[in-house]
Amino acid sequence: MTQELTSPSPAPQAAGPSRGPRWWRDAVIYQVYVRSFADSDGDGVGDLRGVRERLPYLRDLGVDAVWLTPFYASPQADGGYDVADYRAVDPLFGSLQDAGDLIGAAHALGLRVIVDIVPNHTSDRHPWFRDPELARQRYVFRTGKGERGELPPNDWESVFGGPAWTRTERGDWYLHLFAPEQPDLDWDRPEVHEEFAAIMRFWLDLGVDGFRIDVAHGMVKAPGLPDIGRGEQARLIGSQVLPFFDQDGVHAIHRTWRRLLDDYPGERIGVAEAWAPSVERLALYVRPDELHQAFNFQFLNTGWDAGALRQVIDASLTATASVGAPTTWVLSNHDVVRHTTRLGGGLARARAATLLMLALPGSAYLYQGEELGLPEVTDLPDDVRQDPAFFRGGRAAGDGQEADGRSGASGQDGFRDGCRVPLPWSGERPPYGFGHGGSWLPQPADWHRFSVAAQTGDPSSTLELYRTALDLRRRLPGLGDGEMSWRPAPEGVLAFTRAGMLCTVNTLGRDAELPLPGELLLSSAPVAVDDGSAVVPGDSCTWWAI
């Protein structure tokens with residue numbers, strides 16, 4: 001096939017920094033939402049040069065790798081997840097040279113770089129879709145129902161609201177499981193497979209250390225595209241197998257990509273953003289010949305309840321152990337309400353949840369700003385919102401839900417802008433050091449107290465808690481990959497051991513008294529120790545050396 005290359009494939013670069021074999025099994029990976037991280041040119045939008053300039057902050061935070069959200073050429077109908085050219089950097093974010101410079105600078109600091117890839121759909125501005133003949137060969141097109149084909153081919157709904165089909169001027173319909181500007185590719189076509197293999201090689205040759213695969217549970221649709229037979233289909237995602245998600249055929253694609261990744265030195269990895277109805281089906285994505293990691297959304301969606309948390313932790317570890325993979329824990333990302341708000345207990349509960357996550361066996365993902373304790377911004381005016389789901393029914397679906405932040409955990413209720421507000425770095429007033437030209441979403445007037453500058457050096461701050469926790473996680477041999485064992489604890493309290501340490505989590509809204517387990521290493525809240533006992537506050541997590 002003819003490849004629409006904007007730039008020639010770069011000369012292969014060396015692999016990223018080494019942290020020992022199978023580094024990804026216990027890595028802490030930091031998600032950068034590029035638009036909102038740091039703005040170097042004053043246009044109000046974060047960019048690649050801004051990220052590069054702030055890399056020392058991430059090194060000092062103590063993470064192992066950086067995951068960058070899409071920065072490719074895009075009309076930005078869905079924050080860059082509508083890609084028009086996978087080999088070009090959108091001028092909004094910089095240039096291909098900026099991307100190469102960022103990767104090189106990260107490697108020099110000991111950080112690996114993972115980039116997003118979006119294989120389920122492209123932008124409707126992609127060259128393939130703009131050519132009517134190519135479009136019908138490489139995307140999912142069908143004739144409609146009804147006497148004149150005036151009805152959609154089936155009852156599938158867009159994740160963003162409304163029907164998942166749009167009719168063209170020629171009278172046929174194309175599938176878009178997300179926005180109409182994001183037509184679904186037809187993965188039955190070999191040209192699609194060939195193109196994405198070439199795209200991956202392009203970025204691997206530039207030096208990236210892996211890919212976060214957007215909608216890794218998509219791509220393959222059930223034969224015949226059968227009706228689902230009910231509405232509100234977005235609410236079924238992650239709870240049952242749907243004819244457009246988590247079809248068994250996706251695994252053949254991932255096996256092909258694993259072989260491609262294994263062709264490169266330095267253990268380049270694939271990370272699945274996969275919504276599966278059970279931890280057992282999620283584990284299929286990380287079998288030895290498939291991807292390396294898969295986000296554990298079952299953990300993310302679990303409420304702050306000791307019994308529920310223990311159940312999902314056990315199920316997750318059992319499922320991934322059955323295929324020899326690590327569990328990959330996550331609490332927040334660019335698609336969900338920040339866990340400071342979502343868990344319903346404010347900053348104290350969020351800090352405790354983070355220490356719990358970092359003590360569990362496996363790898364962990366952090367979302368930019370959670371280390372600052374940022375809450376969800378729930379009062380953005382309608383006229384500044386940019387989430388496409390907000391304009392396609394999410395506005396109505398989200399009414400009355402956003403105030404407590406605990407609903408819409410799948411992130412498709414139209415209010416994802418609230419977790420994407422640009423970061424505060426310094427200063428007393430917006431844009432708080434984000435850039436000299438303001439910020440694309442307004443920052444709250446009280447965010448000066450959350451800034452990096454305000455928290456640095458304050459031992460009680462959330463930023464310093466993260467720095468200390470990540471330093472201990474790197475230094476303590478019992479943390480990261482490995483085993484854990486539960487220990488007896490009072491109702492509402494979780495206790496488990498790793499090699500040389502004990503983690504206690506009080507999910508109650510009141511203090512709990514425990515026999516003194518050992519030497520206090522770190523706690524999300526002050527712990528009182530006296531006469532062989534310890535009083536741990538409600539909504540807290542404590543690490544003990546034993």
Side-chain angles (χ1 to χ4, degrees), residues 28-33 36-40 46 50-66 105-106 108-111 331-332 338-341 346-359 364-375 377 421-436 439 443-476 479 519-529 536-537 539-545:
V28 176
I29 300 175
Y30 185 99
Q31 180 189 357
V32 168
Y33 190 71
S36 299
F37 191 69
D39 172 22
S40 71
V51 177
R52 177 167 57 85
E53 291 170 352
R54 297 288 187 176
L55 286 175
Y57 165 77
L58 298 180
R59 175 202 58 196
D60 296 343
L61 182 62
V63 302
D64 302 299
V66 180
L109 292 172
L111 297 169
L331 285 168
S332 286
R338 286 187 176 276
H339 72 275
T340 301
T341 301
L347 185 56
R349 188 170 293 179
R351 286 161 58 103
T354 295
L355 287 195
L356 164 62
M357 177 180 75
L358 292 176
Y365 276 74
L366 309 179
Y367 176 51
Q368 65 175 46
E370 70 171 78
E371 78 278 12
L372 305 178
L374 293 184
V377 179
V421 174
L423 295 189
W425 291 93
S426 61
E428 296 296 315
R429 292 181 299 277
Y432 304 115
F434 170 69
H436 63 267
S439 59
Q443 300 158 302
D446 65 345
W447 268 23
H448 58 88
R449 59 195 177 99
F450 293 112
S451 75
V452 172
Q455 296 193 49
T456 295
D458 177 359
S460 66
S461 72
T462 300
L463 176 57
E464 295 299 346
L465 177 73
Y466 271 71
R467 286 172 170 163
T468 303
L470 293 176
D471 178 62
L472 285 172
R473 181 182 163 99
R474 188 181 289 266
R475 290 193 292 111
L476 295 177
L479 291 178
E519 179 186 355
L520 179 65
L521 287 171
L522 182 65
S523 183
S524 64
V527 174
V529 176
V536 292
D539 291 336
S540 72
C541 180
T542 308
W543 294 357
W544 309 87

Colleague: For the side chain of Glu464 and the backbone of Gly457, is there at least one donor-acceptor N/O pair under 3.5 Å apart?
Modeller: yes
Colleague: Can any side-chain N or O of Gln31 pair as donor or acceptor with the backbone N or O of Gln368 at less than 3.5 Å?
Modeller: no
Colleague: How long is the straight-line distance from CG of Leu111 back to CG of Leu109, given to the nearest 0.5 Å?
Modeller: 5.5 Å
Colleague: Roughly how far apart are Thr354 OG1 and Tyr466 OH, rounded to 0.5 Å?
Modeller: 3.0 Å
Colleague: Just do the side chain to side chain contact (heavy atoms under 4.5 Å, CB included) check on Ile29 and Val66 with the steps written out, would you?
Modeller: CA-CA 6 Å; Ile29 300 175; Val66 180; over 6 Å; no
Colleague: Looking at CZ of Arg449 and OG of Ser461, how far apart are the two atoms once the value is rounded to the nearest 0.5 Å?
Modeller: 13.0 Å
Colleague: Find out whether Val536 and Ser523 are in side-chain contact, i.e. whether some heavy atom of one side chain is under 4.5 Å from a heavy atom of the other.
Modeller: no
Colleague: Parallel, tilted or perpendicular for Tyr432 and His448, by the 30°/60° rule?
Modeller: tilted
Colleague: What orientation do Tyr57 and Phe37 show, parallel under 30°, tilted 30 to 60°, or perpendicular over 60°?
Modeller: tilted
Colleague: Quick one: do the Tyr30 and Glu370 side chains pair a donor with an acceptor below 3.5 Å?
Modeller: no
Colleague: Shortest non-hydrogen contact from Cys541 to Leu356?
Modeller: SG-N, 3.6 Å
Colleague: Quick one: do Tyr365 and Val28 satisfy side chain to side chain contact (heavy atoms under 4.5 Å, CB included)? Show the steps, please.
Modeller: CA-CA 6 Å; Tyr365 276 74; Val28 176; over 6 Å; no
Colleague: Do Glu519 side-chain atoms and Ala545 backbone N/O form a donor-acceptor pair below 3.5 Å?
Modeller: no
Colleague: Any idea which heavy atoms bring Trp425 and Ala38 closest together, and the distance?
Modeller: NE1-CB, 4.2 Å
Colleague: Is any side-chain heavy atom of Leu465 closer than 4.5 Å to one of Thr468?
Modeller: no
Colleague: Under a 3.5 Å distance rule, please check whether Ser332 uses its side chain to pair with a backbone N or O of His339 as donor and acceptor.
Modeller: yes
Colleague: Answer yes when Arg475 and Asp471 have at least one side-chain N-carboxylate O distance shorter than 4.0 Å, and no when they do not.
Modeller: yes
Colleague: If you take all heavy atoms of Val63 and Leu366, which pair is closest and at what distance?
Modeller: CG1-CD1, 4.2 Å
Colleague: What closest approach, in Å, do Gly50 and Ser40 show between heavy atoms, and which atom pair accounts for it?
Modeller: N-CB, 3.7 Å
Colleague: Checking the side chain of Gln455 only, and the main-chain atoms of Leu463 only, is there a donor and an acceptor separated by less than 3.5 Å?
Modeller: yes
Colleague: Output, in order, the C-alpha distance, side-chain angles, deciding distance and verdict of side chain to side chain contact (heavy atoms under 4.5 Å, CB included) for Thr462 and Leu374.
Modeller: CA-CA 10 Å; Thr462 300; Leu374 293 184; over 6 Å; no
Colleague: Applying side chain to side chain contact (heavy atoms under 4.5 Å, CB included) to His436 and Asp39, what does each step give before you reach the verdict?
Modeller: CA-CA 8 Å; His436 63 267; Asp39 172 22; over 6 Å; no
Colleague: Going from OG1 on Thr340 to CG on Leu372, what distance comes out if it is rounded to the nearest 0.5 angstrom?
Modeller: 10.0 Å
Colleague: Starting at CG of Leu358, measure out to CG of Leu479 and round the result to the nearest 0.5 Å.
Modeller: 8.5 Å
Colleague: Which heavy atom of Ser540 sits nearest to which heavy atom of Ser524, and what is that distance?
Modeller: CA-OG, 3.3 Å
Colleague: What residues form a salt bridge (charged side-chain N to carboxylate O under 4.0 Å, His left out) with Asp539, not counting sequence neighbours?
Modeller: Arg349
Colleague: What's the separation between atom CG in Leu331 and atom CE in Met357, rounded to the nearest 0.5 Å?
Modeller: 4.5 Å
Colleague: Do Tyr33 and Val421 make a side-chain contact, defined as non-hydrogen atoms from C-beta onward lying under 4.5 Å apart?
Modeller: no
Colleague: Checking Ser451 side chain against Ala454 main chain: does a donor-acceptor pair fall under 3.5 Å?
Modeller: yes
Colleague: Which pair of non-hydrogen atoms, one from Phe434 and one from Leu423, has the smallest distance, and what is that distance?
Modeller: CB-O, 3.7 Å
Colleague: Answer yes or no: is there a donor N or O on one side and an acceptor on the other, between the side chain of Trp543 and the main chain of Leu355, under 3.5 Å?
Modeller: yes
Colleague: Can you name the salt bridge (charged side-chain N to carboxylate O under 4.0 Å, His left out) partners of Glu53, sequence neighbours left out?
Modeller: Arg49
